[in-house]
Each structure stands twice: as C-alpha cells, then as structure tokens.
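Comments concern the structure below.
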Amino acid sequence: MDKWMLIDGNSIIYRAFFAMPPLTNSAGLHTNAVFGFTTMLLKLLADEKPTHVLVAFDAGKATFRHEGYTEYKGGREKTPTELSEQFPVLKELLSAFGIAQYELSGYEADDIIGTLTKMADESKVETLVITGDKDMLQLASEHVTVAITRKGISEVEPYSPAAIQERYGLKPLQIIDLKGLMGDASDNIPGIPGVGEKTALKMLHEFGSVEEVLAHTDSLKGKMKEKVEEHKESAIMSKKLATIYREVPLDKGADEIRYAGYEDAALAEAFRKLEFKSLIERLDLGSAGSGGSEKEAAEAAAELKVAVIAGEDDADTLRALLDDLSGEEAAKKSAEGDAAVEADAISHGFYVEAIGDNPHHAEVIGMAIAVGEQVYVIAADAVKQPFAEPLRKWLADADKPKYGFDTHKAELALGWNGIVFNGAVFDVQLAAYLLDPTDASLTLSGMSQRYGLTAIAADEAVYGKGAKFRVPDAETLNRHLAVKAAAVQRIAKHQQGDLEKSGMSKLYYELEQPLSRVLAAMEQQGIQVESAELERLGSELERNLSQIMSDIYRHAGMEFNINSTKQLGDVLFEKLGLPVMKKTKTGYSTDAEVLERLEPYHEIVPLILLYRSLAKLQSTYVEGLLKEIRQETGKIHTYYRQTIAATGRLSSQFPNLQNIPIRLEEGRKIRKAFVPSEPGWYILAADYSQIELRVLAHISGDERLKEAFIQDMDIHTKTAMDVFGVTAEQVDSNMRRSAKAVNFGIVYGISDFGLSQNLNITRKEAGAFIAQYFEVFQGVRKYMDDIVAQARQDGYVTTLLERRRYLPDIKASNFNIRSFAERTAMNTPIQGTAADIIKLAMVRMDETLRERKLKSRMLLQVHDELVFEVPEDELELMKELVPTVMAGALKLDVPLKADVNYGVNWYEAK
DNA sequence: GCAATCACG
DNA sequence: ACGTACGTGATTGCT
C-alpha cells in the first residue's frame with residue numbers, strides 16, 4: 001500500500017528555526033533550522049514509513065495571490081539571513097536523503113501540496129500532509145490527513161475530517177470560511193476586524209459559510225452587524241486568499257516523488273559537512289562515505305580563530321599576521337625540493353571582498369588571510385591607514401606569494417583604491433575554471449561543496465541579491481570573510497593535485513596564471529576614446545533615425561514602438577498581412593533573416609532593417625560607450641573575463657570591446673573614436689590569418705589542408721578548387737563564397753541543415769557539398785570521426801595545451817542534445833587551441849615589451865587580434881615584432897601567420 | 001528575470 | 001525521423 005507524505009518546506013523550516021537554539025558549524029554556517037527539520041523528518045520517516053515523499057517550497061517570487069491584493073504577506077519581517085542561508089543547505093540535504101523537492105514560480109508550497117492531495121484523493125492514496133499552517137486543514141479528506149506541528153516541531157497533531165469536526169465543529173472546506181471571517185495576521189489577510197476565532201466559529205456554526213453570513217447580517221446585532229456589513233468585501237477577498245489553489249500545472253506525479261530510502265554514504269557525507277555528529281552516531285553512519293583524510297576532517301572541524309584588524313589599535317594583530325605569513329614561508333623554504341611537500345606548500349588563503357560586478361567600480365569592503373586555523377580579517381578602512389604600511393608592502397611585493405580567489409578582480413579593485421597588488425601564484429577560481437570550464441558558478445561555497453569540505457554560506461544568503469543586497473553587520477561580515485579565506489586555502493590544496501592529474505599544471509602555471517596579470521595590466525591601462533567623435537556619429541544617427549521612424553509610421557499608417565517585437569509583429573503580419581516565415585515561442589519572428597526575405601513584399605521592410613541597424617549603433621555603441629568613458633582620463637577600461645567561455649576564450653565586459661562593429665561601413669566608423677592615449681602615437685592591430693583552419697590542419701594532419709597553408713594559399717579559393725575540381729582561374733566569387741561557408745561549417749561541426757541555411761540552398765545540395773569536401777579532405781573527416789569517438793570514450797575533449805572540456809551529453813539518447821555535444825566535440829579543440837595560442841602570444845608579448853623596455857602597450861584582445869598603442873619611434877620595430885611573436889607562439893605543422901596594420905585610430909588600422 | 005535581437009570572432 | 005551551425009555580451013521590451 002502506498003503512502004504519501006507531503007511536507008510544507010517553508011512552514012516547517014520557519015518553525016524549526018524559531019524552535020531551535022542557535023547552532024553553527026565550524027565555518028559559521030547556521031544550521032539550527034536544518035537540524036530541527038532533519039530530526040523531525042527522521043522521526044516522521046521512521047513512524048510513518050511513507051513510500052512517497054515530497055517537500056514543497058514557495059518560489060521566491062510574487063504569486064497569483066499578489067495580483068488581486070498587493071499587500072498579501074506584506075508587513076512581514078524579512079527573513080533573517082541566519083535562516084535564509086539555510087534554504088540552499090536544506091535543499092542540498094534533501095537531495096542527499098533522496099527526497100523529491102519542488103517549487104514553482106508563481107505558486108506557494110500550499111498550492112503544490114493542494115494539487116497533489118487532489119491527485120491523492122482521486123487515486124485514493126493514503127496521504128499525510130505536514131505543515132505548521134492551520135489553513136491547510138482545508139485539504140483534509142477521507143484519504144488525506146493534515147498534521148499540524150505542536151510545541152515547536154517536536155510533535156505533530158494529525159487532523160482527519162472527524163478531528164476537525166471535533167475541534168472546530170467544521171467541515172474541512174469551512175476552514176477557508178473561518179479564515180475569511182477572522183483573517184490571518186501573519187499573511188496580512190484582513191478578514192473582518194474585531195472578529196476572532198470564537199465569533200467566527202459561532203457565525204459559521206449558525207450560517208455555514210462567509211456568503212451565508214453576509215446574506216444574513218440582519219440577524220446579527222449592534223456593533224457586530226455594522227462591522228460585518230462594512231467589511232463584506234474584505235471577507236470575500238480574504239476567503240479567496242485563504243483558498244488553496246489545487247490546479248497547479250505540475251510535472252511531478254507519483255513516480256517522481258517515490259522515496260526509496262536514503263543511501264548511507266550520501267547522507268553521512270552531508271551530515272559531516274554540516275557537522276551533525278549526533279545524527280551520524282544515531283543513525284550509525286560513522287563508517288559510511290569516504291570524506292577525505294582524518295587530518296582533513298580534524299582540520300575542518302577545528303573552530304577557526306578569527307582576529308580582526310579594524311584600526312591602529314590592532315597594530316599588534318597586524319604584526320602577528322605578518323609574522324605568521326613569513327613564518328609559514330620560511331618553513332616552506334626549508335622543505336624545498338621535497339616533492340611530497342609540494343602539494344602542502346600552500347601557506348595561506350587570501351580573500352578580497354569587492355562588491356559589484358565591474359571590478360573597475362567595485363568597492364573593497366574587506367579582506368581576510370587564513371594561515372591555517374588562524375584567520376585575520378582586515379577591514380577596508382584599516383588597509384589604507386599608516387599603521388597598515390607593512391601589509392600594503394606585503395600586498396605589493398611580487399616575491400611574496402599569494403594564494404587567492406579571483407585575484408584578477410582583487411588586483412583591479414584594490415588598484416583603483418591606490419593599493420598595489422602583486423604576487424598572485426595560485427587562484428582557486430581560475431583553477432576551478434580549468435578543471436571544469438563549463439561550471440557556471442565558480443563560488444567558494446560551491447567549491448567547498450564539491451570537495452566535501454565544511455559547508456559554508458553562499459554569498460547570496462549572506463548579502464541577499466538584486467535590490468535586497470545589503471552588507472551585513474561587521475561581525476557577520478568578518479565571519480564570512482574569514483570562512484572564505486580558510487576555504488581558499490583548503491580548496492587550493494585539492495586543486496593542485498587535480499590539475500596535475502588532468503595534465504593541466506603547465507597550462508595553469510605557465511599560461512593562465514601569468515596571463516591573469518597581463519590582462520589586469522591591459523585593463524588598468526585602458527584605451528583612449530574620443531567622446532567628440534562618438535557624439536558626432538550620434539547626432540548623425542539621431543537625424544537619420546527620426547527620419548526613418550516617421551517613414552515607418554507613414555507606411556504602417558500608425559505610430560508604434562518599433563523596438564517592440566510584439567508590436568512590430570502585429571504591424572507586419574496582422575495590419576499589413578505579410579506572410580509569416582518563422583515563429584518564436586512567444587510570437588512572430590522578426591529577425592533580420594525573416595525581414596530580408598520579406599523585403600520584396602512591402603516598402604516598410606527595408607526601412608525596419610535600416611532602423612534596426614542604426615538603433616543598435618546608437619544605443620549600444622554611441623550611447624553605451626559614452627557612458628563607459630572615464631571623465632578624468634577619457635579612457636575606457638574593459639574587463640576581460642578569464643573564467644567564462646567553455647572553449648578557453650576570453651570574454652569582455654563593461655563594456656564589451658570584442659564586438660565593436662567592423663563588417664558594415666556605418667558601424668565601422670565607431671572605431672574612429674578609438675585613439676592612442678599619447679599625442680603622435682599610433683594604433684597598431686595584428687590579427688592571425690585563418691588561425692582556426694590552420695589549427696585544424698595541424699590537429700587533423702590532413703595533408704591537403706596542411707599543404708595549402710604551407711604554400712600560404714587563399715584557403716577559401718583553394719577549398720573551392722578542390723571541392724569543385726577546377727583551376728584557380730575558374731573559381732568565381734560564388735564558388736569561393738560557398739567554399740568559405742563550408743570552411744566555417746567545418747570549424748563549427750558541420751551539418752547539412754546549417755550549411756543549407758547559411759548558403760540559402762537545399763539541404764540536399766548542402767549535403768553534397770559536405771560529402772565532396774570530405775572526399776577531398778579525408779584527414780579532416782577522420783579527425784571529425786575520431787574526436788567524437790574520443791569524446792564518447794573519455795567524456796571530454798582537449799586542446800593542444802591540454803585544456804579540457806567535459807561533454808556529458810555526448811551519450812544522450814536525445815538526438816538533438818547528442819548532436820549538439822558532437823558538434824561541440826569537433827569545435828572545441830579547434831576554437832580552444834586558437835585561444836591557447838593567442839594567450840601564449842599575449843604572455844610572450846608582455847615579456848618582450850618589458851625585456852626590451854619598449855614604451856608600446858598592449859591594449860586589447862579580440863580572439864584572433866591584438867591591439868597596441870605605439871609611439872612613432874617604435875612603429876617600424878612593432879610592425880615586425882608583433883606578427884613575429886604571434887606567429888612564433890606555438891610551433892605547428894603548418895606556419896602561423898599574423899597580418900599587421902596601423903593608423904591614427906582603430907578604424908585606420910585596417 | 002527572461003526572450004528576442006544583433007554586434008563580434 | 002529527429003531539427004542545428006561554435007563561442008560570447010548589451011540593449012530593449014515585457015511579465
């Protein structure tokens with residue numbers, strides 16, 4: 001016999017939080033509510049022996065109840081962070097239990113449970129609902145019992161319909177009427193003022209429902225009559241609010257919530273991280289799970305000793321910190337040469353907290369340094385004071401190694417505050433990226449979890465997010481920073497071994513780590529941008545745009561927001577009746593591809609295309625870039641992110657300087673605003689020629705492709721010759737264009753459909769092209785087959801420098817998902833190796849400029865291009881040097897080649 | 001906060 | 001038969 005147990009997660013964790021005394025693990029993570037929840041859960045599982053369990057949560061967003069009544073749940077104290085940080089912890093723990101959990105945006109836990117009890121009623125399954133909320137009594141039925149917590153959470157009181165009758169004299173559904181009349185202060189449901197439980201029950205015993213009470217106000221007397229009549233609407237609305245919605249669109253049913261019992265190892269691991277020692281003993285999980293060395297366990301359990309350096313009164317503490325740092329270093333030196341010690345050589349963990357996504361504008365609110373279990377937290381103000389000079393010296397000293405987290409951001413944020421940072425030798429965020437570049441959240445709390453270390457609070461739980469972001473009180477903040485610095489040190493130890501195991505140590509220490517400093521220097525340098533030039537372009541665009549807008553309105557016969565795809569779709573496809581070519585999941589598609597096909601149908605279409613292109617230039621490139629220019633210097637400082645792209649490329653933010661227009665002349669003019677920062681200097685730009693196809697020639701070993709590059713032929717023309725079987729002279733522009741598209745397709749992991757779309761030909765024709773290509777370039781075909789097979793076998797692919805990307809989807813049964821992974825397997829080694837190469841060139845170039853004491857500066861990287869500013873007297877040298885360094889970055893079986901151009905601005909450097 | 005669109009390699 | 005090209009970031013409108 002099945003038995004379902006449905007738990008109101010929010011209600012129970014709240015009650016557990018307030019019922020339990022404070023409790024934290026050694027990392028300062030609050031665990032009392034999770035502990036309370038767990039003890040209750042264990043008791044229920046033992047007593048009830050359910051076959052199916054679900055814990056439902058409120059989704060953090062507004063629900064449909066707010067639509068009619070915005071004050072719903074208003075006036076509530078906001079959840080204390082000591083509790084909110086426990087939500088993700090509880091969810092993680094429930095996963096370890098193997099218990100299903102569910103939340104759905106727009107609905108509350110009540111509604112989810114209400115919907116499931118309805119399913120239970122229909123299929124006559126015995127069901128127990130666990131909650132602290134009496135409202136839910138309305139769900140009780142022949143098959144459904146609602147258990148309400150008592151005395152905190154140590155006991156529950158089950159209510160069957162009979163028990164509700166006995167206690168309240170009501171049927172389950174009349175609980176809604178009860179709430180309608182008496183309201184509920186905790187949810188800010190008003191009810192009828194002055195009517196409490198007693199009066200409400202009396203009325204319901206006489207009339208049965210809110211509606212009937214309101215219909216018989218005559219038989220009430222005096223003040224009560226007045227009140228009820230005055231608040232009729234409130235009563236009706238309150239009843240509505242108290243009604244649990246039982247039609248939630250769930251994608252969970254009996255199969256998804258089945259509970260098969262927990263696995264000892266998983267639960268033991270989860271309890272260990274939370275340091276629930278009593279529960280480990282009680283459930284006899286002591287020997288279950290792996291959980292790291294004994295030493296590590298002891299380390300993790302040891303309470304951190306936190307010393308705060310907030311002002312000059314703490315000068316002694318600061319001295320102790322520096323003593324500790326140099327002491328650890330001395331110990332390390334004496335052990336040098338002992339390979340076994342190498343992995344333990346991490347002397348400390350260093351963490352800088354900088355608030356804000358853009359490091360050039362981020363505010364440093366503190367830093368922490370962990371030396372073993374002793375952690376020093378330094379307040380932001382203290383760092384700048386005179387007594388902290390020795391600390392600033394340590395920060396600036398390139399010979400004092402630092403083991404940190406996102407030291408790239410730290411360097412920039414500190415730099416803008418006049419604090420020099422040097423000497424980063426290991427960065428756990430950067431290492432984590434190499435170990436898995438598709439990991440989207442490279443956070444310390446996530447990494448601690450992954451390595452099975454002491455669980456630490458997520459930043460979001462400590463600070464909140466979006467509009468609710470707040471820096472907590474000093475004590476909470478210091479604790480959090482201390483915990484993070486300690487985590488850095490522990491994580492780093494694991495990662496050194498992991499990097500070595502995956503063959504990425506060299507990639508890390510000789511490429512990515514040095515590159516991070518090179519990037520920071522480029523970003524701090526910035527590039528000069530002439531606002532006057534952008535403003536000139538802006539006013540020209542402004543004039544054109546207003547003319548085009550009025551033309552568009554004239555053709556449409558109405559004014560509308562052209563930027564709104566919804567409104568534009570209505571105009572094009574309903575008002576003007578143009579044929580629908582493509583749909584998006586929300587409506588008509590109006591993208592450039594569709595509009596280009598619609599051009600012959602109506603004069604408005606080309607105008608819209610023109611409007612779109614100019615509006616893009618105006619908003620993103622003129623207005624957007626103007627906002628990013630620093631008034632003091634006239635420079636733009638982008639931020640290159642080294643831990644985002646799955647292939648190993650960089651990305652650029654605030655603003656993105658890797659997508660400045662170039663393909664169309666109107667847009668290309670934006671580049672005129674990018675100028676040297678010193679009079680008489682030049683902008684010099686060098687780009688790799690066909691780097692991805694050269695890389696492909698190398699890794700595939702395809703003789704024909706290699707030969708083409710050894711001869712330095714025009715690769716698209718050569719491809720056309722070989723695919724079409726013609727001479728160079730016979731290749732017309734159309735053939736070359738097709739060959740170029742095929743080459744692109746090859747790099748992306750080709751499909752006949754993709755190529756047919758790109759070339760506007762049939763799939764069959766595209767398929768024939770591809771077949772012909774592979775016939776000629778058989779080495780490439782073999783590479784494509786082999787790399788997919790290799791990905792299937794290893795679960796990952798690598799670049800020439802051993803950069804790795806995991807492809808779990810390569811074995812998916814879904815054709816689409818699997819195909820995507822296969823194309824990724826083909827593309828990543830190519831795109832990734834090209835990224836490796838230009839990164840090598842950047843590190844070399846930086847060294848070269850330094851060694852030769854040149855004044856020229858590297859400013860930008862655009863995937864296959866490097867941009868410099870160069871004084872006149874170095875121009876001739878740099879024209880040689882840059883392409884030479886770029887071409888020599890890595891030795892391949894085909895030559896690498898870089899072209900160089902220069903001019904008085906970026907536009908002219910073509 | 002997400003979807004659609006478009007800028008780049 | 002399935003329905004796609006690979007990798008990014010910024011802006012806008014809308015829920």
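Lettering of chains follows the sequences in order, A, B, ..., and the numbering in each one begins at 1. What you see below is based on every heavy atom in this structure, not just the backbone, and it leaves out hydrogens, waters and symmetry mates.
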Distance test, side-chain N/O of A:T620 to OP1/OP2 of B:dA7, below 4.0 Å: no
Heavy-atom closest pair, residues A:F674 and A:I683: O-CG1, 4.1 Å
Cationic N near anionic O, under 4.0 Å, A:R804 to A:D436: no
Base paired to C:dA1 (Watson-Crick or G-U; both N/O distances under 3.5 angstrom): none
N/O (side chain, A:R823) to phosphate O (OP1/OP2, C:dA5) under 4.0 Å: no
Parallel, tilted or perpendicular: rings of A:F57 and A:F87 (30°, 60°): perpendicular
Touch class at under 4.0 angstrom, heavy-atom based, for A:S589 against every strand present: sugar-phosphate
OP1 or OP2 of C:dG9 under 4.0 Å from side-chain N/O of A:S652: no
Sugar-phosphate, base or nothing in reach of A:A741, heavy atoms under 4.0 Å: base
Sugar-phosphate, base or nothing in reach of A:A835, heavy atoms under 4.0 Å: nothing
Nucleotide of B:dA4, C:dG13, B:dG9 approaching A:T586 most closely (side-chain heavy atoms): B:dA4
Nearest-Å distance once atom P is located in both C:dT4 and B:dA3: 16 Å
Integer-rounded Å distance: B:dT5 P and A:N659 CG: 18 Å
Side chain of A:S619 (C-beta onward), nearest among B:dC6, B:dA7, C:dT12: C:dT12
Nucleotide opposite B:dT5 in a Watson-Crick or G-U pair, distances under 3.5 Å: C:dA10
A:R805 side chain near C:dG7 phosphate (N/O to OP1/OP2, under 4.0 Å): yes
Sugar-phosphate, base or nothing in reach of A:S751, heavy atoms under 4.0 Å: base
Gap between atoms CD1 and P, on A:I608 and B:dT5 respectively (whole Å): 12 Å
Selection from C:dT8, C:dG9, C:dC6 that lies nearest to any side-chain heavy atom of A:K616: C:dG9
Between C:dT11 (P) and A:F654 (CZ): distance, integer Å: 10 Å
Distance-only donor-acceptor check, side chains A:S652 and A:T638, under 3.5 Å: yes
Any A:N561 side-chain nitrogen or oxygen under 4.0 Å from OP1 or OP2 of C:dG13: yes
B:dT5 and C:dC2, which share atom name C1', separated by this distance in whole Å: 27 Å
Sugar-phosphate only, base, or nothing, as touched by A:A615 at under 4.0 Å among non-hydrogen atoms: nothing
Selected nucleotide, minimal atom distance to A:T565 side chain, candidates B:dC8, B:dA4, C:dT4: B:dA4
Given C:dT4, C:dG7, B:dC8, the nucleotide with the shortest approach to the side chain of A:R763: C:dT4
A:T590 side chain near B:dT5 phosphate (N/O to OP1/OP2, under 4.0 Å): yes
Out of B:dG9, C:dT4, C:dG9, whichever nucleotide has its closest atom nearest the side chain of A:I662: B:dG9
Touch class at under 4.0 angstrom, heavy-atom based, for A:I644 against every strand present: sugar-phosphate
For atom CG of A:L755 and atom P of C:dA5, their distance in whole Å: 13 Å
Spacing of A:R612 atom CZ relative to C:dT12 atom P, expressed in whole Å: 13 Å
Under 4.0 angstrom between A:N758 side-chain N/O and C:dA5 OP1 or OP2: no
Interatomic distance where CD belongs to A:Q658 and C1' belongs to B:dC6 [whole Å]: 16 Å
Distance-only donor-acceptor test (3.5 Å): side chain A:S651, base C:dT8: no
Sugar-phosphate, base or nothing in reach of A:Q831, heavy atoms under 4.0 Å: base
Check: A:L610 main-chain N/O paired with A:S613 side-chain donor or acceptor under 3.5 Å: yes
A:F469, CZ: over 12 other non-hydrogen atoms inside 6.0 angstrom: yes
Side-chain donor/acceptor of A:R641 to base of C:dG9, under 3.5 Å: no
Integer angstrom distance from the P of B:dC6 to that of C:dA5: 15 Å
Separation of C:dC6 C1' from A:K740 NZ (nearest whole Å): 16 Å
Touch class at under 4.0 angstrom, heavy-atom based, for A:G745 against every strand present: base
Full working for ring pair (Phe, Tyr, Trp, His ring centres under 6.0 Å) between A:H408 and A:Y639: CA-CA 10 Å; A:H408 177 183; A:Y639 172 41; 5.3 Å; yes
Whether A:Y796 and A:Y806 hold their rings parallel, tilted or perpendicular, with breakpoints at 30° and 60°: perpendicular
Candidate nucleotides B:dA4, C:dT4, B:dT5, ranked by approach to the side chain of A:K585 - the nearest: B:dA4
A:R649 vs B:dG9: side-chain N/O to OP1/OP2 distance below 4.0 Å: no
Candidates B:dG9, B:dC6, C:dT4 - which lies nearest the side chain of A:V862: B:dG9
Under 4.0 angstrom between A:Q567 side-chain N/O and C:dC14 OP1 or OP2: yes
Whole-Å gap separating P (B:dA7) and CZ (A:R663): 9 Å
